[in-house]
Colleague: 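Handing you a structure now.
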Amino acid sequence: MVTVDRVQTGLRVERNVLKVLKALAEYLDVSLGDLVEGLALHAFEGKSPFSPETLGKIEQLKSVYGLTLTAADAHALTERT
């Protein structure tokens, strides 16, 4: 185990992305913060954080919550005013 210092932060995330992340954290039985940390650490090393089974669950959750955004959309999002 590694001991770390965590900080509370405000983070703005697209509504359906957040719904899928929260549902996935629940499915994996981890906190939302732990899920986001794991995603970031894997991404920093260019590694996939999910098994094929979990990727299948993510697809189901995306369908349930109407998430149609893809990685290609990541740098082209604008907020409604």
Side-chain angles (χ1 to χ4, degrees):
M1 298 296 279
V2 178
T3 301
V4 297
D5 291 317
R6 290 200 168 100
V7 295
Q8 188 69 33
T9 183
L11 182 68
R12 294 174 57 85
V13 180
E14 194 277 331
R15 180 182 313 271
N16 292 336
V17 170
L18 180 59
K19 288 178 181 180
V20 170
L21 286 171
K22 288 171 101 176
L24 182 60
E26 177 71 22
Y27 171 75
L28 296 172
D29 197 27
V30 298
S31 72
L32 181 59
D34 285 347
L35 178 65
V36 172
E37 278 180 345
L39 285 167
L41 292 171
H42 279 79
F44 293 163
E45 294 184 21
K47 297 179 178 179
S48 176
F50 303 118
S51 68
E53 176 186 333
T54 303
L55 289 172
K57 186 61 172 184
I58 291 168
E59 286 305 313
Q60 290 176 340
L61 294 170
K62 286 171 59 178
S63 178
V64 166
Y65 292 107
L67 178 57
T68 59
L69 296 173
T70 68
D73 299 313
H75 301 288
L77 302 175
T78 58
E79 289 191 48
R80 293 182 190 166
T81 54

Colleague: Sequence neighbours left out, cut at 3.5 Å: what donor-acceptor pairs do the side chains of residues 19-31 make with other protein atoms?
Modeller:
unit_1	atom_1	unit_2	atom_2	d
Tyr27	OH	Glu53	OE2	3.2
Ser31	OG	Asp34	N	3.0
Ser31	OG	Asp34	OD2	3.4

Colleague: Is any side-chain heavy atom of Leu61 less than 4.5 Å from a side-chain heavy atom of Leu67?
Modeller: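 Side chain of Leu61 against side chain of Leu67, heavy atoms only: no contact under 4.5 Å found.
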Colleague: Holding to side-chain hydrogen bond (donor to acceptor under 3.5 Å, both in side chains), I want the full list of residues that pass it with Gln8, two or more places apart in sequence or in another chain.
Modeller: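 With sequence neighbours excluded, Gln8 shows a side-chain hydrogen bond (donor to acceptor under 3.5 Å, both in side chains) to no residue whatsoever.
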Colleague: Which side-chain N or O atoms in residues 69-79 pair as donor and acceptor under 3.5 Å with protein atoms at least two apart or in another chain?
Modeller:
unit_1	atom_1	unit_2	atom_2	d
Thr70	OG1	Ala72	N	3.3
Thr70	OG1	Asp73	OD2	3.4
Asp73	OD2	Thr70	N	2.8
Glu79	OE1	Arg12	NH2	2.4
Glu79	OE2	Arg12	NH2	3.2

Colleague: Apart from Val4 itself, what residues make up its hydrophobic cluster, given side-chain heavy atom links below 4.5 Å?
Modeller: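 ILVMFWY cluster around Val4 also holds Val2.
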Colleague: Please check if Leu11 and Leu35 belong to a single hydrophobic cluster, counting links between Ile, Leu, Val, Met, Phe, Trp and Tyr side chain heavy atoms closer than 4.5 Å.
Modeller: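 In one cluster with Leu11: Leu35, yes.
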Colleague: How would you list, by chain and number, every residue that makes a side-chain hydrogen bond (donor to acceptor under 3.5 Å, both in side chains) with Glu37, sequence neighbours excluded?
Modeller: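 Here the qualifying residues are Arg6.
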Colleague: Atom CZ in Arg15, atom OH in Tyr65: separation rounded to 0.5 Å?
Modeller: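 Reported value, rounded in 0.5 Å steps: 13.5 Å.
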Colleague: Is a donor on one side and an acceptor on the other found under 3.5 Å between the side chain of Glu14 and the backbone of Asn16?
Modeller: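 A pair under 3.5 Å: yes.
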Colleague: If the condition is side-chain hydrogen bond (donor to acceptor under 3.5 Å, both in side chains), which residues does Thr54 pass it with, not counting sequence neighbours?
Modeller: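 Result, side-chain hydrogen bond (donor to acceptor under 3.5 Å, both in side chains) vs Thr54: Ser51.
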